[in-house]
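One structure is given below, encoded as structure tokens.
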Amino acid sequence: MFNTRVKIKTLLAQEPQNLEVTVMGWVRTFRNNQFIALNDGSTGNNLQVVAELGKFDEELLKRITTGASLKIKGTVVPSLGKGQKMDLVAQSIEVLGDSDAEKFPLQPKKHSLEFLREIAHLRFRTNTFSAVFRVRHTLAFAVHKFFNEKGFVYLHTPIITASDAEGAGEMFRVTTLPFDNPPRNEDGSINYKEDFFGRATNLTVSGQLEGELGAMAFSDIYTFGPTFRAENSNTTRHLAEFWMIEPEMAFHDLEDNMNLAEEFIKYIIKHAIDNNKEDLEFLAQRLADEEKQLPQDKRSEMGLMEKLEFVLNNNFERITYTEAIDILINSPAYKKKKFQYDVKWGIDMQSEHERYLVEKHFKKPVIVTNYPKDIKAFYMRQNEDGKTVAAMDILAPGIGEIVGGSQREERLEKLEERMMQMHIPAAELWWYLDTRRFGSVPHAGFGLGFERMVQFVTGMGNIRDVIAFPRTPKSAEF
RNA sequence: UCCUCAGUAGCUCAGUUGGUUAGAGCAUCUGACUGUUAAUCAGAGGGUCACUGGUUCAAGUCCAGUCUGAGGAGCCA
């Protein structure tokens, strides 16, 4: 029976009044052959356990090494030292699992994030990663809480999909056919009729199309699940496997969509501040220390906590694509030819353009709406001007696009016409088009990259450090 | 995929115009000390200089290729 133990978070919240308790956790450091910093992951803070001199035999003390797991019974008393309010004076110490000090890779010192990525199975045991993943949990929980409170239905859309029509990127093939000798048609092409599903299948790149089917019955649904892109992307903000949140709402237009997205983002940030203040403060300090090494002009103007409070207390800037282009063309940066890529109406904005708008011009999250139809997906609702669609992207400082969404084209003829123009096989998507045939309604939705949200809230610069076991090109360890 | 940079001890790094036995801090081990806060002090051990090939009397250092990692770009969330 292990359940009689007290979690360190619970213990540290109490006053030290000679309580007798049992704790379990992992050794962070063992100082002076006397003081054990014990952590059980319930909080970033360690419990200081005091092993009084002469009370325990040498053989046991030698086994108290960084990384070892311990069960300790003792009495909680006010600490004589300065760094903590309480000590657990040990009566008994049991080593549950040894950790060979010569082989355990984590040391009580600062490690590079790159190195920790190589030992991702152990990095949860560091201050930084335990904070990041507690915050990640809180954010995930807040996602469900937000939508649940609003009466959304959590819809589990399929991971394996037969449609490759979304056009959201390269897909991973799912098959049970043998690679060395697949069944073939007479013309030499692979015969997918013999494959597991009787057709070619892939891992999903988006649950949106299925999400729309749900919205046409429940009014409001959201998905929150793994999403896969087989792009050869090597950046600090792309993963081959990531988690995406995709709400879809019937009887919503573009403005409703923006309102919901903004409220949603603020809600989950607030939830993290309310529930993980210590972790966020730790991460803020980490970020500040890291930025001290940068030249002044590369440092953030705001600390992490300030940035989050700022986002909560200010409305996101809302501009149309056309206005965004005007701002860029009239910017000092453009006039001084600072942009590598030219700006004119119709272009797909480059990272440098988005960064300028968000980080230099507005200095806060920006929602850009009504993009040219030629650079956006087939399902977005066509505007009256004949040139633009009711799309909206939310751009966040330091991250770039964090949300991509739109009001959907609910008019069957318009949708079919657009699919034809963009060479989307309508026959394959008969089920999708059926929603426009039977009780079609104006509706809208968006996709939010969960890891990018976690990056924004934790201040972590690399997306590989906010997902437990990142999948990127040439990397699928663990 | 493209561009740039990097790969030297378990970790973080230094290593001069190519030249004797490749160094430091931390970690580890041994000992000392004992109310410490990444404890401290003394000593010791620890290297396929990413890999393959080449140039040279001589390569960690120069050249080519490969692999891996990082940053930026594209694709996007």
Side-chain angles (χ1 to χ4, degrees), chain A residues 27-37 45-54 61-62 65-67 77 79-84 87 89 99-119 122 126-127 166-170 205-208 224-246 261 298 340-341 348-355 375-377 393-396 399-405 446-456 461-467 472-475 477:
Chain A
V27 177
R28 283 292 176 78
T29 66
F30 185 28
R31 289 184 296 266
N32 222 348
N33 223 18
Q34 195 178 170
F35 301 99
I36 305 166
N45 297 316
N46 300 326
L47 175 68
Q48 170 151 294
V49 178
V50 179
E52 289 168 312
L53 290 168
L61 293 177
K62 275 191 177 162
T65 56
T66 304
V77 298
S79 180
L80 299 177
K82 281 189 182 142
Q84 56 284 316
D87 287 345
V89 177
S99 174
D100 185 337
E102 290 201 60
K103 292 180 182 150
F104 187 63
L106 290 173
Q107 304 160 10
K109 63 168 260 187
K110 198 176 177 79
H111 286 294
S112 67
L113 296 174
E114 289 85 354
F115 171 66
L116 293 171
R117 233 168 267 156
E118 290 170 15
I119 50 164
L122 298 172
T126 64
N127 292 332
E166 285 99 334
E170 290 298 310
V205 293
S206 164
Q208 182 201 315
F224 185 4
T227 310
F228 307 88
R229 304 271 167 92
E231 304 285 349
N232 192 6
S233 298
N234 293 287
T235 77
T236 53
R237 55 190 189 283
H238 287 89
L239 291 165
E241 178 184 286
F242 63 101
W243 289 68
M244 188 154 64
I245 296 144
E246 295 179 291
K298 296 235 168 126
Q340 198 186 333
Y341 295 88
D348 204 351
M349 277 189 281
Q350 304 291 317
S351 287
E352 59 176 355
H353 304 140
E354 296 181 346
R355 291 184 87 104
I375 58 171
K376 287 290 181 185
D393 285 358
I394 301 184
L395 311 175
I399 311 286
E401 187 178 341
I402 198 163
V403 162
F446 61 86
L448 178 139
F450 184 59
E451 282 76 16
R452 288 188 183 174
M453 192 69 218
V454 180
Q455 272 188 281
F456 185 75
N462 193 315
I463 201 166
R464 296 162 195 138
D465 296 329
V466 298
I467 189 166
T472 53
K474 302 277 181 289
S475 175
E477 194 68 63

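First the proteins, then the strands, lettered A, B, ... as listed; each starts at 1.
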(request) Check A:Thr227 against A:Ser206 and note the closest heavy-atom contact, atom names and distance. (result) CG2-N, 4.0 Å

(message) Using the side-chain heavy atoms of A:Tyr341, tell me which of these nucleotides is nearest: B:rU12, B:rA73, B:rU37.
(response) B:rA73

(message) Between the base of B:rU36 and the side chain of A:Gln48, is one N or O donor paired with an acceptor at under 3.5 angstrom?
(response) yes

(request) Using whole Å, report how far CD of A:Glu354 lies from P of B:rA77. (result) 11 Å

(request) For A:Lys474 and B:rU1, give me the distance from atom NZ to atom P, rounded to whole Å. (result) 6 Å

(message) Ignoring hydrogens and geometry beyond distance, is the side chain of A:Gln84 in donor-acceptor contact with the base of B:rU36 at under 3.5 Å?
(response) yes

(request) Give a yes/no answer on whether the side chain of A:Thr236 brings an N or O atom under 4.0 Å of OP1 or OP2 in B:rA70. (result) no

(request) Could I get the full list of ring pair (Phe, Tyr, Trp, His ring centres under 6.0 Å) partners for A:Phe115, not counting sequence neighbours? (result) A:His111

(message) Within the 4.0 Å heavy-atom criterion, would you say A:Gly447 contacts the bases, only the backbone, or no part of the nucleic acid?
(response) sugar-phosphate

(request) Give a yes/no answer on whether the side chain of A:Ser233 brings an N or O atom under 4.0 Å of OP1 or OP2 in B:rC76. (result) no

(message) Any strand counts, and the cut-off is 3.5 Å on both contacts for Watson-Crick or G-U wobble. Which nucleotide pairs with B:rA58?
(response) none

(request) May I have the distance from A:His111 (atom NE2) to B:rC13 (atom P), rounded to whole angstrom? (result) 13 Å

(request) Tell which nucleotide pairs with B:rG25, taking only Watson-Crick or G-U wobble pairs whose two distances are both under 3.5 angstrom. (result) B:rC11

(message) Output the rounded distance in Å from CD (A:Glu477) to C1' (B:rG69).
(response) 14 Å

(request) Write down the partner of B:rC76 under the Watson-Crick or G-U wobble criteria, each distance required to be under 3.5 Å. (result) none

(request) Report yes if a side-chain nitrogen or oxygen of A:Arg355 is closer than 4.0 Å to either non-bridging phosphate oxygen (OP1 or OP2) of B:rG72; otherwise report no. (result) no

(request) Select one nucleotide: of B:rC76, B:rC29, B:rU36, the one nearest the side-chain heavy atoms of A:Arg229. (result) B:rC76

(request) Pick the C1' atom in B:rG65 and in B:rC26, then give their distance to the nearest Å. (result) 36 Å

(request) Determine the interatomic distance between P on B:rG7 and the same-named atom on B:rG60; round to the nearest Å. (result) 15 Å

(request) For B:rA58 and B:rU21, measure between their C1' atoms and round to the nearest Å. (result) 16 Å

(request) For the residue pair A:Leu239 and A:Thr472, establish whether any side-chain heavy-atom pair is separated by less than 4.5 Å. (result) yes

(request) For the side chain of A:Arg237, starting at C-beta, report the closest nucleotide among B:rC29, B:rC76, B:rA38. (result) B:rC76

(request) Please measure how far the C1' atom in B:rC49 lies from the corresponding atom in B:rC13, and state the result in whole Å. (result) 14 Å

(request) Dump the intermediate steps for side chain to side chain contact (heavy atoms under 4.5 Å, CB included) on A:Val50 and A:Phe35, then the final yes or no. (result) CA-CA 5 Å; A:Val50 179; A:Phe35 301 99; 4.0 Å; yes

(request) Provide the Watson-Crick or G-U wobble partner of B:rG35, both distances under 3.5 Å; none if there is no partner. (result) none

(request) Name the residue closer to the 5' end of RNA chain B, choosing between A:Lys110 and A:Glu52 according to the nucleotide with the nearest heavy atom. (result) A:Glu52

(message) As an exercise, state the distance from CD of A:Gln107 to OG1 of A:Thr29, rounded to the nearest 0.5 Å.
(response) 13.0 Å

(message) Using the side chain to side chain contact (heavy atoms under 4.5 Å, CB included) definition, which of the options A:Val89, A:Asp87, A:Ile36 pairs with A:Val49?
(response) A:Ile36

(request) Give a yes/no on whether any side-chain N or O of A:Arg31 is located under 4.0 angstrom from OP1 or OP2 of B:rA39. (result) yes

(request) Tell me what A:Phe115 touches on the nucleic acid: a base, only sugar-phosphate, or nothing, going by heavy atoms under 4.0 Å. (result) sugar-phosphate

(message) Using a 4.0 Å heavy-atom cut-off, does A:Thr235 contact any base of the nucleic acid, only the sugar-phosphate backbone, or nothing at all?
(response) base

(message) I'd like to know if A:Gln107 reaches the base of B:rG10 with its side chain such that a donor and an acceptor end up less than 3.5 angstrom apart.
(response) yes

(message) Between A:His238 and A:Glu231, is there a side-chain heavy-atom distance shorter than 4.5 Å?
(response) no

(message) Just to verify, which of A:Asn127, A:Thr126, A:Thr66 counts as forming a side chain to side chain donor-acceptor pair (under 3.5 Å) with A:Arg28?
(response) A:Asn127

(message) Nearest to the side chain of A:Glu231, heavy atoms from C-beta on, is which of B:rC75, B:rG69, B:rA38?
(response) B:rC75

(request) Identify which one of A:Phe242, A:Phe456, A:Phe224, A:Trp243 satisfies the ring-ring contact (aromatic ring centres under 6.0 Å, His included) criterion when paired with A:Phe450. (result) A:Phe224

(message) Measuring to OP1 and OP2 of B:rA70, would you say a side-chain N or O of A:Arg464 lies under 4.0 angstrom away?
(response) yes

(request) Measure across A:Gln48 and A:Arg31 and return the closest heavy-atom pair with its distance rounded to 0.1 Å. (result) OE1-NH2, 3.2 Å

(request) Give the rounded distance in Å between these two atoms: CZ of A:Arg28 and P of B:rA39. (result) 12 Å

(message) Please determine whether a side-chain nitrogen or oxygen atom of A:Gln350 lies at a distance below 4.0 Å from atom OP1 or OP2 of B:rA73.
(response) no

(request) Go ahead and name the base partner of B:rC51; Watson-Crick or wobble counts if both distances stay under 3.5 Å, otherwise write none. (result) B:rG65

(request) Could you work out which one of B:rU1, B:rG35, B:rA77 sits closest to the side chain of A:Asn234? (result) B:rU1

(message) Looking only at the side chain of A:His238 (C-beta and beyond, no hydrogens), which of the listed nucleotides B:rA77, B:rC75, B:rU30 gets closest?
(response) B:rC75

(request) Can you figure out which of B:rC11, B:rA73, B:rA77 approaches the side chain of A:Leu239 most closely? (result) B:rA77

(message) Looking at B:rU20, which nucleotide sits across from it as a Watson-Crick or G-U wobble partner, both distances under 3.5 angstrom, or is there none?
(response) none

(message) Please report the distance separating the P of B:rC29 from the corresponding atom of B:rU68, rounded so that it comes out in whole Å.
(response) 35 Å

(request) Could you measure between the two P atoms, the one in B:rG69 and the one in B:rG31, and give it in whole Å? (result) 42 Å

(request) Hey, which sits more toward the 5' end of RNA chain B by its nearest nucleotide, A:Glu401 or A:Glu102? (result) A:Glu102

(request) Measure the distance between the ring centre of A:Phe242 and the centre of the six-membered base ring of B:rA77, then answer whether it is under 5.5 Å with planes under 30°. (result) yes

(request) Please state how far atom CG in A:Asn33 lies from atom P in B:rU37, giving the value in whole angstrom units. (result) 15 Å

(message) When you measure from the side-chain N and O atoms of A:Asn462 to the phosphate of B:rG71, is any distance below 4.0 Å, counting only OP1 and OP2?
(response) yes

(request) Go ahead and name the base partner of B:rU4; Watson-Crick or wobble counts if both distances stay under 3.5 Å, otherwise write none. (result) B:rA70

(request) Can you tell me the distance, in whole Å, between the CE atom of A:Met453 and the C1' atom of B:rC76? (result) 18 Å

(request) Please tell me which of the listed nucleotides, B:rA39, B:rU36, B:rG35, lies nearest to the side chain of A:Leu80? (result) B:rG35

(message) Roughly how many Å apart are B:rA14 and B:rU8, using the P atom of each and rounding to a whole number?
(response) 10 Å

(request) Quickly work out the A:Gln208 CD to B:rC76 P distance and round it to whole Å. (result) 14 Å

(message) With rounding to the closest Å, how many angstrom separate the P atoms on B:rA24 and B:rG47?
(response) 14 Å

